[in-house]
There are 2 protein chains.
Amino acid sequence: MTPRTLEKTGSKKSAAARERLASWISSRGLKATRQRDVIVDVFFAQTGHLSVDELLEKAKQRDPTIGAATVYRTMKILADAGLASARHFEGGQTRYEAALDRHHHDHLICTSCGSIIEFENERIEELQETVAEDHGFHVTHHKLELYGLCRHCRVEQASDRR
Amino acid sequence: MTPRTLEKTGSKKSAAARERLASWISSRGLKATRQRDVIVDVFFAQTGHLSVDELLEKAKQRDPTIGAATVYRTMKILADAGLASARHFEGGQTRYEAALDRHHHDHLICTSCGSIIEFENERIEELQETVAEDHGFHVTHHKLELYGLCRHCRVEQASDRR
DNA sequence: CTGAGAATGAGAATCAATTTCAAAATGGCC
DNA sequence: GGCCATTTTGAAATTGATTCTCATTCTCAG
């Protein structure tokens, strides 16, 4: 058996997340495992919106025996614990982003390079709420995604056209 | 062989759509077929957001030999022709709505009964544009979906709790 | 009416995600 | 430290939506 200890990468924030996860896990009879440690570690070492495939890839670098099912399962636990949130952008796969101490935000997604920018706009949120009320709706969650070309890819396209 | 003629259901609008489709089809060397007629007919006879399954179900009532692949293929053609638009709400399946002479709109989706309400809000669109510009983005399309309980289901929930 | 090309249906294939299951690991308990 | 009920794991099977393949059938311009 491989030793359980591993160099924890990442900031205080990821340390806090790991603690929260530990109590979440023990509080409901789950068990801490080497694989979960690796996956969680890998997840918090990155920033951005990771797909399960990407996470699996990186996790395998540390422990080649880790299987895809475990990554799926672990990310679901992280999401349940409120430490990650799942996003379903265009293109099929679910992506996860760190969720601890973050407020709500929406996304700009570049359809050319795939880069994702987060933004917050209080005014839009308010208007959404108003619209919903006008229709008698009680909104529990929403999805606002703006797709297009990022600054970088716009420039590139312009020069391609020359 | 079953006769090709069928009672065209629906309004002038669906008649217009059928004409547009006919010219789209002939203009690119595609062919008109009995199955496509049935599917298109069934699609325009309904209002709302239909899944391929629902369309297949109804199409089969008219012609039990129609296969799922044909419905997928036909709806893709309709979308390409600008007569239907595909929507990907939470829950997996693609849904299609009629698109002829409609402007852009977004959706309120009831997570309890599945009903879908459309809305337009010019102010939100403008703010989205502003946000995108602030980040150097050129937006090509977007997705705004508000999920929650519709008026009807809120009432039901309240009485369930008694 | 004919023939080239397009469309069809059934089933296989794909893709992301979930489930199954036998074997392995975990953690409270003594 | 060892026991052992319970949880986890990896691999493979399964699911669900969609797409593809291919042999056969249909459409339509000439």
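The analysis underlying the following values was restricted to heavy atoms, covering all of them including side chains, and did not include hydrogens, waters or symmetry mates. Throughout, a chain's letter reflects where its sequence line sits, starting with A, and its residues are numbered from 1.
The distance between atom NZ of A:Lys60 and atom P of D:dT9, rounded to the nearest whole Å, is 15 Å. As a whole-Å value, the separation of B:His88 NE2 from D:dT18 P is 8 Å. Rounded to whole Å, atom P of C:dT18 lies 14 Å from atom CG of A:Asp53. Between the CG atom of B:Leu56 and the C1' atom of D:dA17 there is a distance of 13 Å, given to the nearest Å. Atom CD1 in B:Ile77 sits about 6 Å away from atom P in C:dA7, given to the nearest Å. Distance CG (A:Asp63) to C1' (D:dT9): 11 Å, rounded to an integer number of Å. Rounding to whole angstrom units, CD1 of residue B:Ile39 and P of C:dA7 are separated by 13 Å. Atom pair B:Arg34:CZ and C:dT8:P shows a separation of 9 Å (rounding to whole Å applied).
Pairing each heavy atom of B:Ala59 with each of B:Val38, the nearest pair is O-CG1, 4.0 Å. Of all heavy-atom pairs spanning B:Phe43 and B:Ala98, the tightest one is CZ-N, 3.4 Å.
Residue side chain B:Lys31 reaches the base of D:dT27 through a donor-acceptor N/O pair under 3.5 Å, judged by distance alone. For A:Arg73 and C:dT20, a side-chain-to-base donor-acceptor distance below 3.5 Å is present, hydrogens and geometry of angles not being considered.
A side chain to side chain donor-acceptor pair (under 3.5 Å) with B:His49 is found for one member of B:Glu54, B:Arg95, B:Arg87, B:Glu97 and no other, namely B:Glu97.
Other residues, nucleotides and ligands contribute at most 12 non-hydrogen atoms within 6.0 Å of the NZ atom of A:Lys60. At most 12 non-hydrogen atoms from other residues, nucleotides or ligands lie less than 6.0 angstrom from NE2 of A:His152.
Within residues 89-98 of chain B, the residues that have a heavy atom under 4.0 Å from DNA chain D are, in order of number, B:Gly92, B:Gln93, B:Thr94.
Of the listed nucleotides (C:dG9, D:dT19, C:dT18), C:dG9 has the atom at the smallest distance from the side chain of B:Gln35. Counting only heavy atoms from C-beta on, A:Thr33 has its side chain closest to D:dT8 among D:dC28, D:dT8, C:dT8. In the set C:dG11, D:dT8, C:dA6, the nucleotide with an atom closest to the side chain of A:Leu30 is D:dT8. In the set C:dG9, C:dA7, C:dG27, C:dA7 carries the atom at the smallest distance from any side-chain atom of B:Arg36.
Taking only side-chain nitrogens and oxygens, A:Tyr72 comes nearer than 4.0 Å to OP1 or OP2 of C:dA17.
The ring of B:His104 has its center no closer than 6.0 angstrom to the ring center of B:His141. A:His107 and A:Phe89 have their aromatic ring centers within a separation under 6.0 angstrom.
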Worked check of side-chain contact (heavy atoms from CB on, under 4.5 Å) between B:Glu133 and B:Val139: CA-CA 9 Å; B:Glu133 275 167 27; B:Val139 175; over 6 Å; no

Pair A:Arg102-A:Glu118, salt bridge (Lys or Arg N to Asp or Glu O under 4.0 Å): steps then yes or no: CA-CA 11 Å; A:Arg102 302 219 49 193; A:Glu118 302 177 349; 2.8 Å; yes

Show me the protein contacts with nucleotides 12-14 of chain C, counting only N or O atoms at under 3.5 Å.
none

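Residue B:Arg28 is the one, among B:Thr65 and B:Arg28, whose nearest nucleotide of DNA chain C lies closer to the 5' end (criterion: closest heavy atom). Between B:Pro64 and A:Ala69, the one whose closest nucleotide on DNA chain C sits nearer the 5' end is B:Pro64.
Of the charged side-chain nitrogens involved, at least one lies within less than 4.0 Å of a carboxylate oxygen, so that B:Arg18 and B:Asp41 count as a salt-bridged pair.
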